[in-house]
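See below for the structure under consideration.
Any value given below was found using the heavy atoms of this structure, including those in side chains, with hydrogens, waters and symmetry copies removed.
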Amino acid sequence: MGQQDAMNTRVGGGNNGLSGGEKRRLSICIEILTRPKLLFLDEPTSKTVYFGTFSAANEFFASNGFPCPTLQNPSDHFLKTINKDFDKDIKEGFVNEIPTEEVFSILVNSYKSSDIFQHAQTEIAQICKQHSRAVEKEKRHVTFFTQCHVLTRRSFISIGFNPRRPARGALLLFVTAILTFMTVGGFPSFVEEMKVFERERLNGHYGIIAFVLANTISAIPFLIVISLIPGTICYYIPGLQKGFQHFFFSISTLFASMMLIESLMMVVAIGAGIQGIMMLVVGFFRSPADLPKPMLKYPLRHIAFHKYAYQRLLKNESEGLRFENYHNNNNNVGSGGARPMILTGEDAFKDIWHVEMATPKWVDLGVLFAMVVFL
(Lines give C-alpha, C1' and ligand atoms only; values in the text may rest on other atoms or scores of the structure.)
Protein backbone atom coordinates (compact mmCIF):
# COMPACT_ATOMS: atom_id res chain seq x y z
CA MET A 1 0.00 0.00 0.00
CA GLY A 2 3.01 2.32 -0.16
CA GLN A 3 3.06 3.00 3.58
CA GLN A 4 6.68 2.04 4.30
CA ASP A 5 7.72 5.60 5.13
CA ALA A 6 4.89 5.94 7.66
CA MET A 7 5.61 2.80 9.70
CA ASN A 8 6.55 4.71 12.87
CA THR A 9 4.11 7.60 12.44
CA ARG A 10 1.14 8.21 14.73
CA VAL A 11 -2.28 7.78 13.16
CA GLY A 12 -3.68 10.92 14.80
CA GLY A 13 -1.95 14.02 16.08
CA GLY A 14 -2.66 16.75 13.55
CA ASN A 15 0.40 17.86 11.58
CA ASN A 16 2.59 15.12 13.07
CA GLY A 17 0.27 12.23 12.18
CA LEU A 18 -0.77 10.39 9.04
CA SER A 19 -2.32 12.33 6.19
CA GLY A 20 -5.89 11.74 5.08
CA GLY A 21 -4.85 9.50 2.18
CA GLU A 22 -2.50 7.50 4.40
CA LYS A 23 -5.31 6.96 6.93
CA ARG A 24 -7.59 5.62 4.20
CA ARG A 25 -4.91 3.23 2.97
CA LEU A 26 -4.26 2.13 6.54
CA SER A 27 -7.94 1.32 7.05
CA ILE A 28 -7.85 -0.85 3.92
CA CYS A 29 -4.74 -2.65 5.23
CA ILE A 30 -6.44 -3.42 8.53
CA GLU A 31 -9.43 -4.95 6.76
CA ILE A 32 -7.23 -7.03 4.45
CA LEU A 33 -5.40 -8.58 7.44
CA THR A 34 -8.31 -10.95 8.12
CA ARG A 35 -8.51 -12.02 4.43
CA PRO A 36 -12.19 -11.21 3.90
CA LYS A 37 -14.00 -12.85 1.00
CA LEU A 38 -15.67 -9.52 0.18
CA LEU A 39 -14.16 -6.07 0.64
CA PHE A 40 -16.39 -3.04 0.05
CA LEU A 41 -14.46 0.11 -0.85
CA ASP A 42 -16.16 3.48 -1.02
CA GLU A 43 -15.34 4.78 -4.51
CA PRO A 44 -11.66 3.81 -4.73
CA THR A 45 -12.17 4.20 -8.49
CA SER A 46 -15.10 4.27 -10.86
CA LYS A 47 -14.11 2.50 -14.10
CA THR A 48 -10.73 1.13 -15.13
CA VAL A 49 -9.78 2.93 -18.33
CA TYR A 50 -6.08 2.09 -18.05
CA PHE A 51 -3.95 -0.22 -15.93
CA GLY A 52 -0.31 -0.36 -16.87
CA THR A 53 3.01 1.41 -16.72
CA PHE A 54 3.11 5.19 -16.47
CA SER A 55 5.48 5.45 -19.41
CA ALA A 56 2.87 3.93 -21.75
CA ALA A 57 -0.04 6.01 -20.42
CA ASN A 58 0.71 9.07 -22.57
CA GLU A 59 0.81 6.96 -25.73
CA PHE A 60 -2.43 5.18 -24.79
CA PHE A 61 -4.41 8.41 -24.30
CA ALA A 62 -2.86 10.04 -27.38
CA SER A 63 -3.68 7.05 -29.61
CA ASN A 64 -7.34 7.38 -28.63
CA GLY A 65 -7.58 11.08 -29.44
CA PHE A 66 -6.74 12.58 -26.04
CA PRO A 67 -3.08 13.69 -26.19
CA CYS A 68 -1.55 15.50 -23.25
CA PRO A 69 -0.99 19.20 -24.10
CA THR A 70 2.52 20.59 -23.95
CA LEU A 71 3.69 21.88 -20.55
CA GLN A 72 0.78 20.21 -18.73
CA ASN A 73 1.04 17.61 -15.99
CA PRO A 74 0.05 14.22 -17.51
CA SER A 75 -1.67 13.10 -14.30
CA ASP A 76 -3.84 16.23 -14.25
CA HIS A 77 -4.66 15.71 -17.93
CA PHE A 78 -5.71 12.07 -17.39
CA LEU A 79 -7.97 12.95 -14.46
CA LYS A 80 -9.50 15.90 -16.28
CA THR A 81 -10.25 13.70 -19.29
CA ILE A 82 -12.27 11.11 -17.34
CA ASN A 83 -13.72 13.32 -14.57
CA LYS A 84 -17.38 14.28 -14.84
CA ASP A 85 -16.75 17.40 -12.79
CA PHE A 86 -15.29 19.00 -15.91
CA ASP A 87 -18.41 18.57 -18.06
CA LYS A 88 -19.12 22.26 -17.47
CA ASP A 89 -15.75 23.12 -18.98
CA ILE A 90 -16.61 20.96 -21.98
CA LYS A 91 -19.77 22.96 -22.61
CA GLU A 92 -17.79 26.19 -22.40
CA GLY A 93 -15.19 24.89 -24.85
CA PHE A 94 -12.22 24.64 -22.50
CA VAL A 95 -11.49 20.95 -23.23
CA ASN A 96 -12.37 18.41 -25.92
CA GLU A 97 -16.05 18.74 -26.79
CA ILE A 98 -16.80 15.09 -26.00
CA PRO A 99 -19.08 14.07 -23.08
CA THR A 100 -17.39 12.16 -20.29
CA GLU A 101 -19.53 9.05 -20.82
CA GLU A 102 -18.38 8.85 -24.42
CA VAL A 103 -14.75 9.33 -23.34
CA PHE A 104 -15.20 6.42 -20.91
CA SER A 105 -16.59 4.21 -23.63
CA ILE A 106 -13.74 4.99 -26.06
CA LEU A 107 -10.98 4.43 -23.49
CA VAL A 108 -12.51 1.27 -21.93
CA ASN A 109 -13.09 -0.43 -25.29
CA SER A 110 -9.63 0.51 -26.47
CA TYR A 111 -8.04 -0.74 -23.28
CA LYS A 112 -9.83 -4.12 -23.41
CA SER A 113 -8.56 -4.72 -26.94
CA SER A 114 -4.98 -3.62 -26.22
CA ASP A 115 -1.88 -5.67 -25.49
CA ILE A 116 -1.57 -3.84 -22.15
CA PHE A 117 -4.85 -5.39 -20.99
CA GLN A 118 -3.80 -8.89 -22.06
CA HIS A 119 -0.48 -8.52 -20.24
CA ALA A 120 -2.25 -7.35 -17.06
CA GLN A 121 -4.66 -10.30 -17.20
CA THR A 122 -1.72 -12.71 -17.53
CA GLU A 123 0.02 -11.21 -14.49
CA ILE A 124 -3.18 -11.36 -12.39
CA ALA A 125 -3.67 -15.02 -13.33
CA GLN A 126 -0.12 -15.84 -12.27
CA ILE A 127 -0.55 -14.07 -8.92
CA CYS A 128 -3.82 -15.88 -8.25
CA LYS A 129 -2.23 -19.21 -9.11
CA GLN A 130 0.75 -18.63 -6.81
CA HIS A 131 -1.40 -17.59 -3.86
CA SER A 132 -4.49 -19.70 -4.44
CA ARG A 133 -3.69 -22.00 -1.52
CA ALA A 134 -3.15 -19.08 0.86
CA VAL A 135 -6.39 -17.44 -0.24
CA GLU A 136 -8.42 -20.63 0.16
CA LYS A 137 -7.04 -21.31 3.63
CA GLU A 138 -9.30 -20.70 6.56
CA LYS A 139 -8.79 -17.33 8.21
CA ARG A 140 -6.17 -17.49 10.92
CA HIS A 141 -5.80 -14.81 13.55
CA VAL A 142 -2.70 -14.04 15.55
CA THR A 143 -2.36 -15.65 18.94
CA PHE A 144 -4.14 -14.36 22.00
CA PHE A 145 -0.85 -13.26 23.59
CA THR A 146 0.14 -11.31 20.47
CA GLN A 147 -3.22 -9.56 20.51
CA CYS A 148 -2.76 -8.62 24.17
CA HIS A 149 0.79 -7.41 23.51
CA VAL A 150 -0.21 -5.20 20.58
CA LEU A 151 -3.26 -3.75 22.34
CA THR A 152 -1.29 -3.07 25.54
CA ARG A 153 1.48 -1.34 23.60
CA ARG A 154 -1.04 0.76 21.69
CA SER A 155 -2.75 1.74 24.93
CA PHE A 156 0.57 2.78 26.50
CA ILE A 157 1.41 4.91 23.46
CA SER A 158 -2.03 6.49 23.46
CA ILE A 159 -1.81 7.40 27.14
CA GLY A 160 1.72 8.72 26.78
CA PHE A 161 0.97 10.92 23.75
CA ASN A 162 -2.48 12.02 24.88
CA PRO A 163 -2.40 12.95 28.56
CA ARG A 164 -5.83 13.54 30.00
CA ARG A 165 -6.67 17.10 30.99
CA PRO A 166 -9.19 16.95 33.82
CA ALA A 167 -10.70 19.98 35.49
CA ARG A 168 -8.08 21.30 37.90
CA GLY A 169 -10.48 22.13 40.72
CA ALA A 170 -12.18 18.74 40.72
CA LEU A 171 -8.86 16.88 40.42
CA LEU A 172 -7.20 18.68 43.34
CA LEU A 173 -10.18 18.19 45.64
CA PHE A 174 -10.50 14.52 44.71
CA VAL A 175 -6.81 13.78 45.33
CA THR A 176 -6.87 15.53 48.71
CA ALA A 177 -10.09 13.80 49.76
CA ILE A 178 -9.18 10.27 48.67
CA LEU A 179 -5.74 10.31 50.29
CA THR A 180 -7.05 11.66 53.58
CA PHE A 181 -9.96 9.22 53.63
CA MET A 182 -7.48 6.35 53.19
CA THR A 183 -6.20 6.94 56.71
CA VAL A 184 -9.49 5.62 58.07
CA GLY A 185 -8.26 2.14 57.13
CA GLY A 186 -5.67 2.32 59.90
CA PHE A 187 -8.21 3.02 62.61
CA PRO A 188 -8.87 -0.66 63.64
CA SER A 189 -5.17 -1.24 64.35
CA PHE A 190 -5.06 2.05 66.26
CA VAL A 191 -7.94 0.85 68.48
CA GLU A 192 -5.98 -2.30 69.36
CA GLU A 193 -2.89 -0.22 70.10
CA MET A 194 -4.91 2.05 72.39
CA LYS A 195 -5.84 -0.96 74.54
CA VAL A 196 -2.15 -1.68 75.07
CA PHE A 197 -1.46 1.99 75.69
CA GLU A 198 -4.11 2.27 78.42
CA ARG A 199 -2.76 -0.75 80.29
CA GLU A 200 0.88 0.32 80.02
CA ARG A 201 0.14 3.92 80.92
CA LEU A 202 -1.74 2.88 84.05
CA ASN A 203 1.27 0.79 84.99
CA GLY A 204 3.45 3.89 84.67
CA HIS A 205 5.63 2.71 81.79
CA TYR A 206 5.38 5.99 79.80
CA GLY A 207 3.30 9.12 79.42
CA ILE A 208 0.82 10.41 76.83
CA ILE A 209 3.23 12.82 75.16
CA ALA A 210 5.83 10.10 74.57
CA PHE A 211 3.19 7.78 73.09
CA VAL A 212 1.77 10.41 70.73
CA LEU A 213 5.22 11.60 69.65
CA ALA A 214 6.43 8.03 68.99
CA ASN A 215 3.36 7.18 66.92
CA THR A 216 3.71 10.40 64.93
CA ILE A 217 7.40 9.87 64.16
CA SER A 218 6.87 6.23 63.15
CA ALA A 219 4.05 7.22 60.76
CA ILE A 220 6.02 9.97 58.98
CA PRO A 221 8.01 7.71 56.55
CA PHE A 222 4.86 5.88 55.46
CA LEU A 223 2.91 9.13 55.05
CA ILE A 224 5.71 10.50 52.89
CA VAL A 225 5.54 7.44 50.62
CA ILE A 226 1.73 7.59 50.44
CA SER A 227 1.87 11.29 49.60
CA LEU A 228 4.73 11.01 47.11
CA ILE A 229 3.71 8.09 44.89
CA PRO A 230 0.01 8.86 44.26
CA GLY A 231 0.77 12.58 44.36
CA THR A 232 3.40 12.24 41.60
CA ILE A 233 1.09 10.18 39.40
CA CYS A 234 -1.82 12.57 39.85
CA TYR A 235 0.41 15.60 39.28
CA TYR A 236 2.39 14.86 36.13
CA ILE A 237 0.00 12.68 34.10
CA PRO A 238 -2.83 15.28 34.05
CA GLY A 239 -0.26 17.96 33.17
CA LEU A 240 -0.41 20.30 36.18
CA GLN A 241 2.02 23.18 36.72
CA LYS A 242 5.56 22.43 35.59
CA GLY A 243 8.54 23.01 37.83
CA PHE A 244 9.87 21.33 40.94
CA GLN A 245 8.74 24.17 43.21
CA HIS A 246 5.08 23.70 42.29
CA PHE A 247 5.42 19.92 42.58
CA PHE A 248 7.05 20.23 46.02
CA PHE A 249 4.26 22.52 47.22
CA SER A 250 1.65 20.03 46.08
CA ILE A 251 3.30 17.03 47.76
CA SER A 252 3.95 18.94 50.99
CA THR A 253 0.27 19.94 51.15
CA LEU A 254 -0.84 16.32 50.76
CA PHE A 255 1.65 15.25 53.43
CA ALA A 256 0.48 17.93 55.87
CA SER A 257 -3.16 16.95 55.26
CA MET A 258 -2.44 13.30 55.96
CA MET A 259 -0.45 14.17 59.09
CA LEU A 260 -3.39 16.24 60.26
CA ILE A 261 -5.96 13.52 59.70
CA GLU A 262 -3.71 11.03 61.52
CA SER A 263 -3.73 13.38 64.48
CA LEU A 264 -7.48 13.84 64.16
CA MET A 265 -8.02 10.09 64.30
CA MET A 266 -6.13 10.00 67.60
CA VAL A 267 -8.46 12.61 69.06
CA VAL A 268 -11.88 11.41 67.88
CA ALA A 269 -13.11 8.12 66.50
CA ILE A 270 -15.48 9.68 63.97
CA GLY A 271 -12.77 11.22 61.82
CA ALA A 272 -14.36 10.06 58.55
CA GLY A 273 -17.65 11.75 59.38
CA ILE A 274 -15.90 14.97 60.34
CA GLN A 275 -13.99 14.91 57.06
CA GLY A 276 -17.21 14.59 55.08
CA ILE A 277 -18.68 17.66 56.76
CA MET A 278 -15.46 19.63 56.26
CA MET A 279 -15.41 18.84 52.54
CA LEU A 280 -18.84 20.40 52.10
CA VAL A 281 -17.58 23.85 53.12
CA VAL A 282 -14.29 24.10 51.17
CA GLY A 283 -15.96 25.99 48.32
CA PHE A 284 -16.11 23.27 45.64
CA PHE A 285 -19.63 21.92 46.13
CA ARG A 286 -21.10 25.29 47.04
CA SER A 287 -19.79 28.82 46.83
CA PRO A 288 -18.56 30.17 50.19
CA ALA A 289 -20.79 33.20 49.70
CA ASP A 290 -23.84 30.92 49.59
CA LEU A 291 -23.02 28.94 52.73
CA PRO A 292 -25.31 29.51 55.70
CA LYS A 293 -23.40 31.73 58.11
CA PRO A 294 -24.35 29.93 61.32
CA MET A 295 -22.10 26.90 61.82
CA LEU A 296 -21.22 26.04 58.20
CA LYS A 297 -19.47 29.30 57.33
CA TYR A 298 -18.66 30.46 60.84
CA PRO A 299 -16.84 28.69 62.34
CA LEU A 300 -16.76 25.34 60.46
CA ARG A 301 -15.31 26.64 57.17
CA HIS A 302 -12.49 28.42 58.97
CA ILE A 303 -11.50 25.42 61.09
CA ALA A 304 -11.82 22.84 58.29
CA PHE A 305 -8.31 21.77 57.24
CA HIS A 306 -9.64 20.87 53.77
CA LYS A 307 -10.16 24.57 53.10
CA TYR A 308 -6.50 25.44 53.63
CA ALA A 309 -5.25 22.38 51.73
CA TYR A 310 -7.60 23.00 48.80
CA GLN A 311 -6.92 26.74 48.70
CA ARG A 312 -3.19 26.16 48.76
CA LEU A 313 -3.31 23.65 45.92
CA LEU A 314 -5.41 26.03 43.82
CA LYS A 315 -3.05 28.94 44.51
CA ASN A 316 -0.09 26.77 43.59
CA GLU A 317 -1.76 25.74 40.34
CA SER A 318 -2.94 29.23 39.36
CA GLU A 319 0.47 30.91 39.42
CA GLY A 320 1.52 32.05 35.96
CA LEU A 321 -1.46 30.56 34.11
CA ARG A 322 -3.10 32.45 31.25
CA PHE A 323 -6.49 31.61 29.78
CA GLU A 324 -8.05 32.89 26.57
CA ASN A 325 -11.37 34.41 27.51
CA TYR A 326 -14.28 34.21 25.06
CA HIS A 327 -16.94 35.65 27.35
CA ASN A 328 -18.64 38.85 26.33
CA ASN A 329 -18.22 42.06 28.24
CA ASN A 330 -21.39 41.48 30.26
CA ASN A 331 -19.59 38.83 32.34
CA ASN A 332 -17.47 40.28 35.11
CA VAL A 333 -14.72 39.06 37.35
CA GLY A 334 -16.06 39.86 40.77
CA SER A 335 -16.66 43.60 40.81
CA GLY A 336 -13.65 44.53 38.73
CA GLY A 337 -15.54 45.30 35.53
CA ALA A 338 -15.43 43.61 32.15
CA ARG A 339 -13.30 40.50 31.73
CA PRO A 340 -10.09 40.95 29.75
CA MET A 341 -9.38 38.92 26.66
CA ILE A 342 -6.54 37.13 28.48
CA LEU A 343 -7.53 35.98 31.96
CA THR A 344 -4.85 35.21 34.54
CA GLY A 345 -5.01 32.06 36.62
CA GLU A 346 -5.28 34.08 39.80
CA ASP A 347 -8.35 35.99 38.53
CA ALA A 348 -9.98 32.85 37.16
CA PHE A 349 -9.56 30.85 40.37
CA LYS A 350 -10.69 33.81 42.46
CA ASP A 351 -13.81 34.18 40.34
CA ILE A 352 -14.75 30.50 40.03
CA TRP A 353 -13.51 28.94 43.28
CA HIS A 354 -13.43 32.09 45.45
CA VAL A 355 -9.80 31.44 46.35
CA GLU A 356 -8.47 33.94 48.92
CA MET A 357 -5.53 35.20 46.87
CA ALA A 358 -4.60 37.85 49.42
CA THR A 359 -3.25 35.15 51.75
CA PRO A 360 0.10 33.65 50.59
CA LYS A 361 0.08 29.92 50.01
CA TRP A 362 2.87 29.46 52.55
CA VAL A 363 0.49 30.81 55.20
CA ASP A 364 -2.04 28.11 54.32
CA LEU A 365 0.67 25.47 54.66
CA GLY A 366 1.68 26.95 58.00
CA VAL A 367 -1.93 26.72 59.19
CA LEU A 368 -2.01 23.01 58.29
CA PHE A 369 1.17 22.23 60.24
CA ALA A 370 -0.06 24.35 63.15
CA MET A 371 -3.19 22.20 63.24
CA VAL A 372 -0.99 19.08 63.28
CA VAL A 373 0.90 20.39 66.32
CA PHE A 374 -2.28 21.50 68.07
CA LEU A 375 -4.05 18.18 67.60
(message) Checking side chain to side chain contact (heavy atoms under 4.5 Å, CB included) between Leu179 and each of Ser257, Cys234, Ser227, Pro230, which is the one that passes?
(response) Pro230
(message) When you compare the side chain of Arg201 with that of Phe211, does any pair of heavy atoms fall below 4.5 Å?
(response) no
(request) Please state whether the rings of Tyr235 and Phe247 are parallel, tilted or perpendicular, taking 30° and 60° as the class boundaries. (result) perpendicular
(request) Please name the pair of heavy atoms, one in Leu18 and one in Lys23, separated by the smallest distance, quoted to 0.1 Å. (result) O-CE, 3.5 Å
(request) Output yes when Lys195 and Glu192 qualify as a salt bridge under the 4.0 Å nitrogen-oxygen rule, no when they do not. (result) yes
(message) Using side-chain contact (heavy atoms from CB on, under 4.5 Å), reason through Glu102 and Ile106 one step at a time and then give a plain yes or no.
(response) CA-CA 6 Å; Glu102 187 175 342; Ile106 294 173; 4.2 Å; yes
(request) Verify whether one side chain among Asn215 and Ser218 offers a donor that lies under 3.5 Å from an acceptor in the other. (result) no
(request) Answer yes or no: is there a donor N or O on one side and an acceptor on the other, between the side chain of His77 and the main chain of Pro67, under 3.5 Å? (result) yes
(request) Run through the side-chain heavy atoms of Ile, Leu, Val, Met, Phe, Trp and Tyr, join any pair under 4.5 Å, and report what else lands in Leu71's cluster. (result) none
(request) Measure the acute angle between the ring planes of Tyr111 and Phe117, then classify it against the limits of 30° and 60° as parallel, tilted or perpendicular. (result) perpendicular
(request) Kindly say whether Glu319 contributes a backbone atom to a donor-acceptor pair with the side chain of Gln241 at under 3.5 angstrom? (result) yes
(request) Verify ring pair (Phe, Tyr, Trp, His ring centres under 6.0 Å) between Phe66 and Phe61, making sure each step is shown before the conclusion. (result) CA-CA 5 Å; Phe66 308 104; Phe61 275 80; 7.1 Å; no
(message) Determine whether a donor-acceptor pair (N or O, by modelled atom type, separation under 3.5 Å) exists between the side chain of Ser105 and the backbone of Glu101.
(response) no
(request) Quick one: do Phe78 and Tyr50 satisfy side-chain contact (heavy atoms from CB on, under 4.5 Å)? Show the steps, please. (result) CA-CA 10 Å; Phe78 301 153; Tyr50 176 80; over 6 Å; no
(message) Side chains of Val363 and Tyr308, heavy atoms from C-beta outward: is any pair under 4.5 Å?
(response) no
(request) Look at the side chain of Glu22 and the backbone N and O of Ser19, then say whether any donor-acceptor pair between them is shorter than 3.5 Å. (result) yes
(message) Between Ser250 and Leu313, is there a side-chain heavy-atom distance shorter than 4.5 Å?
(response) yes
(request) Could you tell me whether the side chain of Glu317 and the main chain of Leu240 form a donor-acceptor pair under 3.5 Å? (result) no
(message) Looking at every non-hydrogen atom in both residues, tell me the closest pair between Thr232 and Ile251 and how far apart they are.
(response) N-CD1, 4.0 Å
(message) Using only atom types and a distance under 3.5 Å, with no angle test, would you say the side chain of Asn316 pairs donor to acceptor with the backbone of His246?
(response) yes
(request) Verify side-chain contact (heavy atoms from CB on, under 4.5 Å) between Met259 and Thr216, making sure each step is shown before the conclusion. (result) CA-CA 8 Å; Met259 283 283 294; Thr216 302; 3.6 Å; yes
(message) Under a 3.5 Å cutoff, is there a donor and acceptor pairing between the side chains of Thr146 and Thr143?
(response) yes
(request) Please name the pair of heavy atoms, one in Tyr206 and one in Val196, separated by the smallest distance, quoted to 0.1 Å. (result) OH-O, 4.3 Å
(message) Checking Val355 against Lys315 for the side-chain contact (heavy atoms from CB on, under 4.5 Å) test, could you report, in this order, the C-alpha distance in whole Å, the side-chain angles of both residues, the deciding distance, and whether it holds?
(response) CA-CA 7 Å; Val355 178; Lys315 291 176 185 178; 3.6 Å; yes
(request) Could you tell me whether the side chain of Asn73 and the main chain of Ser75 form a donor-acceptor pair under 3.5 Å? (result) yes
(message) Is the shortest side-chain heavy-atom distance between Ile220 and Phe255 below 4.5 Å?
(response) yes
(request) Could you pull out the closest heavy-atom pair between Leu254 and Gly231, with the gap in Å? (result) CD1-CA, 3.9 Å
(request) Mind listing the closest non-hydrogen atom pair of Ser110 and Phe60 along with its distance? (result) OG-CE1, 3.7 Å
